[in-house]
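Written below as structure tokens is the structure these notes are about.
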Amino acid sequence: ALQAATGVIGYATYTARVPARPGLTIHPSDNKVESERAEFALDLARRGRRVAVVSSGDPGVFAMASAVLEVACEPSYAHIPVRVVPGVTAAHAAAARIGAPLGHDYATISLSDRLKPFEVVRERVKAAAAADLVIALYNPASRERTWQVGVVRDDLLTVRDPATPVIVARAVGSDEESVTVTTLGTLD
């Protein structure tokens with residue numbers, strides 16, 4: 001998809017990983033403008049450009065596929081074909097890195113409260129924990145959201161043993177990779 005593209009659009013962190021080449025224009029953006037980024041990509045495609053929207057992991061898991069498909073449903077973009085190219089999720093990359101791939105039932109939950117109230121997030125985490133599911137938590141913190149992961153840890157401790165293994169992984173597969181194995185009781 002990248003080789004065929006004449007334009008690449010995405011959050012600057014991810015577009016920076018795309019090698020420059022003749023005929024390719026890279027359009028980096030802020031990470032909080034997903035629908036605008038999707039609309040820009042579809043506008044370029046409507047004008048005849050071959051566009052790739054890049055994100056990390058799998059584009060269908062807390063990434064850009066949903067945003068692009070939502071905008072693509074508007075009548076002005078009905079004739080624009082959209083293809084989602086699957087990737088490796090952060091949860092699967094982290095699980096594979098530590099030697100314990102997710103091979104059974106598990107839940108994937110984002111701690112971000114940008115699209116839903118944090119109380120909804122908490123209830124989902126509690127339900128997954130009560131169902132004895134492995135839980136992959138995405139977006140645990142940001143500059144603005146620093147306390148939610150501690151609240152969720154405390155919620156989990158009401159249902160799970162403090163010795164429950166926890167893997168904290170960041171940027172798996174990149175030069176900035178960090179993977180730590182700890183327990184729920186000692187998770188800081």
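Remember, it's a predicted structure, so these values are computed and weren't measured experimentally.
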Donor on one side chain, acceptor on other, Arg49 and Thr6, under 3.5 Å: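 Checked: Arg49/Thr6 side chains pair up, N/O donor to acceptor below 3.5 Å.
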Give the table of side-chain donor-acceptor pairs shorter than 3.5 Å for residues 144-152, with sequence neighbours excluded, one pair per line with atom names and distance.
unit_1 : atom_1 : unit_2 : atom_2 : d
Arg145 : NH1    : Asn139 : O      : 3.2
Arg145 : NH2    : Asn139 : O      : 3.0
Gln148 : NE2    : Asp113 : OD2    : 3.4

Side chain to side chain contact (heavy atoms under 4.5 Å, CB included) assessment of His92 paired with Thr89: CA-CA 5 Å; His92 286 104; Thr89 68; 2.6 Å; yes
Qualifying residues under side-chain contact (heavy atoms from CB on, under 4.5 Å), relative to Thr164, sequence neighbours excluded: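 Listed in chain order: Arg160, Asp161, Leu184.
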Sub-4.5 Å side-chain heavy-atom contact between Val125 and Leu111: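 Sidechains of Leu111 and Val125: in contact.
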Side-chain touch Thr180/Ile167, heavy atoms, less than 4.5 angstrom: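 No - every pair of side-chain heavy atoms lies 4.5 Å or more apart.
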Working for side chain to side chain contact (heavy atoms under 4.5 Å, CB included), residues Tyr138 and Val61: CA-CA 10 Å; Tyr138 280 68; Val61 180; 4.0 Å; yes
All pairs passing side chain to side chain donor-acceptor pair (under 3.5 Å) where residues 58-73 contributes a residue, at least two apart: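 Every candidate side chain to side chain donor-acceptor pair (under 3.5 Å) pair involving residues 58-73 fails, so no pair, neighbours aside, qualifies.
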Residue list, ring pair (Phe, Tyr, Trp, His ring centres under 6.0 Å) with Tyr14, at least two apart or on another chain: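 Tyr11.
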Contact list for residues 87-103, test salt bridge (Lys or Arg N to Asp or Glu O under 4.0 Å), sequence neighbours left out: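 For residues 87-103, and leaving out neighbouring residues, the salt bridge (Lys or Arg N to Asp or Glu O under 4.0 Å) pairs sorted by first residue read Arg97-Glu177.
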Worked verdict on Thr15 versus Val54 for side chain to side chain contact (heavy atoms under 4.5 Å, CB included): CA-CA 7 Å; Thr15 58; Val54 296; 3.9 Å; yes
Distance-only donor-acceptor pairs under 3.5 Å for side chains of residues 16-29, two or more places apart:
unit_1 : atom_1 : unit_2 : atom_2 : d
Arg21  : NH2    : Leu2   : O      : 2.8
Arg21  : NH2    : Gln3   : O      : 3.1
Arg21  : NH2    : Ala5   : O      : 2.5
Ser29  : OG     : Gly10  : O      : 3.4
Ser29  : OG     : Arg37  : NE     : 2.7

